[in-house]
Amino acid sequence: MKILVCAKQTPDSTVRVKVAPDGRSVDAAQITWAVSPYDEYAVEMALERKDADASTTVAVVSLGAARAKDSLRQALAMGCDEAILVSGPGAEALEGLGVAKALAAVAQEAKPDVVLCGRQASDDDQGLVGAALAEALGWPHVATVTKFAPADGGPAGSVNGIDVWKEVEGGHEVWRAPGPVVLTVQKSEKEPRYPSLPGIMKAKKKEIPEKDVASLGIGASLPKPEIVKMEPPAARGGGKIMKDGDAKRTAQELARLLREEAKVL
Amino acid sequence: MDFSLSEDQRAIREAVRELCARFPDAYWRALDERSEYPTDFVKALTDAGWLGALIPRRYGGSELPVADGAAILEEINASGGNAAAAHAQMYTMGTVLRHGSDSQKERYLPRIATGEVRLQAFGVTEPDAGSETTRIKTTAVKSGDRYVVNGQKVFISRAQHSDLMLLLARTTPYDDLEDKTRGLSVFIVDLRKGVESGQVEIRPLATMMNHHSTTIFLRDLEIPERDRIGEEGMGFRYIIDSWNVERILIASESIGDGRWFVERASRYATERTVFGRPIGANQGVQFPVAQAHADLQAATLLRDKAAWLFDRGEKCGAEANMAKLVASQAAWAAANACIDTHGGYGFAKDFDVERKFRETRLLMVAPISNNLVLAYVGQHVLGMPRSY
């Protein structure tokens with residue numbers, strides 16, 4: 001089975017992000033970059049397939065700035081077989097639909113049985129690319145996936161459909177999709193593995209080919225929404241300390257405040 | 001001069017940080033309270049290949065330079081953890097690598113690289129011989145094709161969590177020696193077998209921090225001659241050879257500790273408000289933290305130089321020892337600044353400052369007392385008279 005994972009490089013989730021002076025972008029200084037968490041689950045899910053069946057190959061693609069190569073290198077160190085960077089002028093400014101079209105061009109060339117995307121990126125939370133990618137490819141799409149495996153039957157090595165586990169309220173469902181298919185990933189069975197030292201040493205020898213986004217034939221006139229303003233969340237107000245020593249009165253007052261002021265009861 | 005990190009070095013530091021992030025403060029705090037060994041953490045390090053970093057590729061390791069080994073241990077301590085539980089698996093094998101026979105290397109190194117065999121104990125110090133190593137009394141008496149060992153070792157770290165131990169024992173009586181640095185030999189001891197047969201007894205030694213130190217009694221322990229490393233009587237030279245790497249790596253743990261203290265102290269000083277402003281706005285609070293940071297940066301440069309010399313195969317005894325000296329001092333100053341900054345909370349276990357404070361104090365005393373580093377620098381680097 002051949003798997004293609006789409007991985008976006010976003011600010012590391014442990015970093016405290018600041019708004020840039022222009023008021024509509026993020027201050028890039030002091031940011032450390034990493035694979036977006038849901039995409040990291042997608043990488044792990046692909047590698048779990050590879051653990052189960054060594055004939056599986058996993059390629060990972062990232063679209064964005066040249067620095068995304070570091071994140072691809074990280075995915076290689078985790079155990080992916082190959083990596084592709086789509087970059088060049090205009091790559092960073094692409095909006096979800098354009099990203100999906102560019103990735104579709106990569107997928108058409110790579111011919112995977114399964115494309116995995118995180119369900120949404122941790123920077124813009126749009127959740128658009130996976131579904132739009134399936135649309136652009138004309139392939140089926142299953143969302144909120146937690147696991148997948150080749151369906152039984154068919155000759156060895158062939159992919160006779162994909163069984164997909166989906167999280168739903170109170171349980172899970174198993175869907176069967178004909179391949180090739182695009183899956184958007186909710187969570188993998190295990191936490192994403194960390195790169196091993198031998199993995200890092202192996203990864204550094206691998207070439208990461210770069211594709212110019214301009215060569216992928218995406219229409220230039222895609223309609224594009226724009227961010228016009230960014231605001232940090234409002235600072236948290238001071239708490240209220242109830243100083244009455246009597247437990248019963250304090251509890252009554254607390255219940256009143258929760259009902260009348262906080263309106264949570 | 002190029003001070004930038006290579007792509008490899010950045011990847012190594014990043015990957016170690018990522019692994020350590022899964023073992024947060026609460027993990028280490030709970031172990032500390034129960035005096036438990038960080039089994040899960042050490043397993044994760046082992047499985048990801050970090051403890052085989054310095055072993056040559058032909059024996060299954062990654063053959064990294066010591067500079068990278070230093071970065072691995074520094075990041076562990078900077079994350080709030082304590083590399084002491086596992087660092088010896090990284091470097092104890094150096095004595096086997098440099099002085100062992102081909103068959104000893106083939107037999108042990110590949111399994112040390114995978115972690116299948118743990119070699120992370122070195123039995124050197126004794127109740128009556130600490131810094132004065134040449135005075136050890138544990139004897140190894142040749143008897144046919146084996147040695148029979150009797151004696152006692154103390155402050156032997158991790159012996160309960162190690163399969164093998166390197167042992168320094170006397171093979172020629174002290175009084176019979178002209179050259180007092182001769183007469184000692186290094187052996188590989190199978191601790192599991194020894195304990196099973198009753199020839200080795202390991203007793204835990206409770207200490208100020210969670211360090212897994214032990215006292216070891218050796219009673220008629222039989223060691224086959226093939227488990228002696230190198231020549232008989234040359235053991236003291238062999239262990240001296242391993243000291244420089246150890247100094248560089250321990251300096252790195254100090255630097256990691258220091259980074260943790262400075263980070264916690266500067267964050268707390270910025271967030272904690274007293275008398276209507278952050279306490280870090282007071283020079284009395286701010287300056288010791290800034291000073292500690294500056295001292296740590298200086299220690300880092302000296303550590304880097306020592307590692308650079310070592311990796312080029314040049315003499316680095318002075319730099320390695322001085323790096324350990326200044327790094328442990330800088331970390332200790334950072335620890336004090338951090339506890340002062342936190343006030344009462346510095347002593348509260350939930351803040352982890354007191355735990356790291358106890359842990360980093362050790363590095364001024366072990367693996368060598370800082371006074372002995374000064375004695376070495378005074379005598380051997382500056383040519384002054386011997387002071388001890």
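Keep in mind it's a predicted model, so treat the numbers as computed, not measured. All heavy atoms count here, side chains included; hydrogens, waters and symmetry mates do not.
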Mind checking what makes ring-ring contact (aromatic ring centres under 6.0 Å, His included) contact with [X], not counting sequence neighbours?
{"X": "Phe41(B)", "result": "Phe23(B), Trp28(B)"}
{"X": "His293(B)", "result": "none"}
{"X": "Tyr91(B)", "result": "His87(B)"}

Short side-chain to backbone donor-acceptor contact, Gln286(B) and Gly280(B), under 3.5 Å: yes

Sidechain-backbone polar pair: Tyr108(B) side chain, Val96(B) backbone, donor-acceptor under 3.5 Å: no

pair Leu4(A)-Val114(A): side-chain heavy atoms closer than 4.5 Å: no

Toward chain A, the part of Leu45(B) with a non-hydrogen atom under 4.5 Å: neither

Residue Ala44(B) versus chain A: region with a heavy atom under 4.5 Å: both

Tabulate, with distances rounded to 0.1 Å, every donor-acceptor pair spanning chain A and chain B at under 3.5 Å.
{"from": "Glu7(B)", "atom 1": "OE2", "to": "Arg73(A)", "atom 2": "NE", "distance (Å)": "3.2"}
{"from": "Asp8(B)", "atom 1": "OD2", "to": "Lys204(A)", "atom 2": "NZ", "distance (Å)": "2.7"}
{"from": "Glu18(B)", "atom 1": "OE1", "to": "Gln74(A)", "atom 2": "NE2", "distance (Å)": "2.6"}
{"from": "Arg22(B)", "atom 1": "NH1", "to": "Pro192(A)", "atom 2": "O", "distance (Å)": "3.0"}
{"from": "Arg22(B)", "atom 1": "NH2", "to": "Pro192(A)", "atom 2": "O", "distance (Å)": "2.2"}
{"from": "Ala48(B)", "atom 1": "O", "to": "Leu197(A)", "atom 2": "N", "distance (Å)": "2.6"}

Option in Pro192(A), Ala34(A), Gly199(A) with maximal non-hydrogen atom pairs under 4.5 Å from chain B: Pro192(A)

Parallel, tilted or perpendicular: ring planes of Tyr37(B) versus His161(B), cut at 30 and 60 degrees: parallel

Short side-chain donor-acceptor distance under 3.5 Å, Asn82(B) and Arg355(B): no

Contact leader toward chain A among Leu19(B), Ile12(B), Val16(B), where contacts are heavy-atom pairs under 4.5 Å: Leu19(B)

